Amino acid sequence: MAFEYAPAPESRDVVDIKPSYGLFINGEFAEGSGTPFKTINPASEEKLAEIATATSDDVDRAVQAARKAFGVWSALPGSERAKYIFRIARIIQERARELAVLESLDNGKPIRESRDVDVPLVAAHFFYYAGWADKLEHAGFGRRTTDGHSGAKPLGVAGQVIPWNFPLLMLAWKIAPALACGNTVVLKPAETTPLTALLFAEICQQADLPPGVVNIVTGAGETGAAVVAHPDVNKVAFTGSTEVGRIIARTVAGTDKKLTLELGGKAANIVFEDAAVDQAVEGIVNGIFFNQGHVCCAGSRLLVQESVQDELLAALKRRLGTLRLGDPLDKNTDIGAINSAEQLAKIREMSEIGDSEGAERWSPPCDLPEKGFWFPPTVFTGVAQSHRIAREEIFGPVLSVLTFRTPAEAVEKANNTPYGLSAGVWTEKGSRILWMADRLRAGVVWANTFNKFDPTSPFGGYKESGYGREGGLAGLEAYLDV
Ligand code: NAP
Ligand code: MG
């Protein structure tokens, strides 16, 4: 970890952060009835803004606005809805720099990631789903009826609750398909990262989106619970922890609400002895240290074939020694801040459990800034399948290394998890990739790459990683009555 070279950081002046923000209901910013909270920059602990808290009454106003707007929005021809969604996509591109800086300030992620990965993907999702809005009857979800309407109907008001790890991208995954299908939305961002959702609300105003089509309600878990429980919400979409996912599934059970859940993961990144070592090392680094490991599909379990373990780990450690940890707005930063004090405490606790269970901890020499929440890139070797660091999601820059001898053993170990969101396979043999992909119980299997996202690919999990798919054609189905 080197700090000797300090290029000019991306300027935070490109974004105008207001001292306080209200709720976005019916196309306007309105006061919340609850006690406001502050959002901070996790890299400095500096307060960024005061944010309104929506009570259940405020959530009710937002749902009513969305219900009223549903009449207007769902009646528009798909080609007209598409124009609005395309306009939103273009404004996102125009304001990309502002969005990226704000995301990095509020979340702690490196500007290189928010600028080069998150925001371009956000725009891509809006472009992709805008393209479907007038083609739903061709998407295979029902024939055109005699009165000329598509057979597939929107569900109504979608209540959407998202986490803090990809605040704007998760918003795009939820809002773009919902709007394309003719639904209206009430979305609750995570308490620690509300700012880009509120800037998105301004973008909706700028795009002249009809009032009430998108509503943003800020607050803590209680606000999310009020959205999920509201009787006039027809569809609930949630991304976050398995624990809260279970609570939401219980709330929705017995109602006619449709539900999609995108929960945690403990993905295996599997490296065979014939893999190109340098490429595999890049894939391992990207798999677990991208976004400080705050990634549900992170490659948090490295399964390496025993015969190449020493060579691979030596190369990995050399590479980790070159990563730069520090100011998220610095264009050369690889590892930013941990999103919150709570998450940092959780990562520390899980790492201490790794120590006490007998795994061996390694980090490159690394000076952590004094202020803010930081954790060095960390590798645990000598990890057994029974260890908690091999079974539970850490959601931080911590890699657990296990070994295998045969492909069958790799499959068995990879699938030995309550989760099933993603997996990676590194090998030169195409036949082995297909053999593995057939046997891995994971929603996404990457081959010789990792953490690659595209709006055309469905994403989602098996088992405790949740159900339903987001992205691609499957992502439309989640917002249609088929
Ligand atoms: P979380 O509690 O599940 O939060 C996700 C979202 O749900 C947030 O907007 C949260 O609001 C809201 N929420 C909390 N309680 C709720 C309830 N009872 N009803 C409805 N909504 C509710 O996740 P977290 O506490 O931020 O993170 C905890 C762990 O979850 C992480 O360590 C990680 O393992 C996992 N996680 C997974 C993903 C993923 O992408 N699959 C993302 C984030 C976290 P507040 O923000 O105000 O709490
Ligand atoms: Mg924040």
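What you are looking at is a predicted structure, and each value in this text was computed from that prediction instead of being measured.
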Side chains of [Y] and [X]: any donor to acceptor distance under 3.5 Å?
| X | Y | answer |
| --- | --- | --- |
| Trp426 | Asp274 | no |
| Thr242 | Glu464 | no |
| Asp327 | Thr333 | no |
| Lys266 | Ser465 | no |
| Ser307 | Glu273 | yes |

Identify each donor-acceptor pair in which a side-chain atom of residues 435-446 lies under 3.5 Å from a protein atom, sequence neighbours left out, and give them as a table.
unit_1, atom_1, unit_2, atom_2, d
Arg439, NH1, Trp435, O, 2.9
Trp446, NE1, Lys452, O, 3.0

Test: [X] and [Y] ion pair at under 4.0 Å:
| X | Y | result |
| --- | --- | --- |
| Arg115 | Glu10 | no |
| Asp355 | Arg361 | yes |
| Asp134 | Arg81 | no |
| Lys174 | Glu470 | yes |
| Glu477 | Arg469 | no |
| Lys346 | Glu349 | no |

Please enumerate all residues that pass salt bridge (Lys or Arg N to Asp or Glu O under 4.0 Å) together with Glu306, with sequence neighbours excluded.
Arg405

Any residue meeting side-chain contact (heavy atoms from CB on, under 4.5 Å) with [X], in chain and number order, not counting sequence neighbours:
| X | result |
| --- | --- |
| Ala359 | Phe380, Val383, His387, Ile389 |
| Ala96 | Val119 |
| Glu311 | Val277, Val308 |
| Ala190 | Trp164, Thr193 |

Report the relative orientation of the aromatic rings in Phe127 and Phe86; use parallel for angles under 30°, tilted for 30 to 60°, perpendicular for over 60°.
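Ring orientation of Phe127 relative to Phe86: tilted.
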
Should the ring pair Trp173 and Phe459 be called parallel, tilted or perpendicular, given that the plane angle runs from 0 to 90° and is split at 30 and 60?
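Because their plane-to-plane angle is over 60°, the rings of Trp173 and Phe459 count as perpendicular.
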
For this output row, return yes or no: ring centroids of Tyr479 and Tyr129 closer than 6.0 angstrom.
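No; Tyr129 has its ring centre 6.0 Å or more from that of Tyr479.
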
With sequence neighbours excluded, residues passing side-chain hydrogen bond (donor to acceptor under 3.5 Å, both in side chains) with [X]:
| X | value |
| --- | --- |
| Arg432 | none |
| Lys413 | Glu409 |
| Lys188 | none |
| Tyr462 | none |

Side-chain heavy-atom pair [X], [Y] within 4.5 angstrom cut-off:
| X | Y | result |
| --- | --- | --- |
| Ser457 | Phe453 | no |
| Phe272 | Phe404 | yes |
| Val217 | Val227 | yes |
| Leu399 | Thr378 | no |
| Asp330 | Ile111 | no |
| Thr456 | Leu473 | no |

Residues 279-292, side-chain donor-acceptor partners within the protein, below 3.5 Å, at least two apart:
unit_1, atom_1, unit_2, atom_2, d
Glu282, OE1, Arg319, NE, 3.4
Glu282, OE1, Arg319, NH2, 3.4
Glu282, OE2, Arg319, NE, 2.7
Asn286, ND2, Phe450, O, 2.8
Asn291, OD1, Lys109, NZ, 3.4
Asn291, ND2, Asn165, O, 3.0
Asn291, ND2, His294, O, 3.1
Gln292, OE1, Gly336, N, 2.8
Gln292, NE2, Ala337, O, 3.3

Can you list every ring pair (Phe, Tyr, Trp, His ring centres under 6.0 Å) pair that touches residues 327-371, not counting sequence neighbours?
none

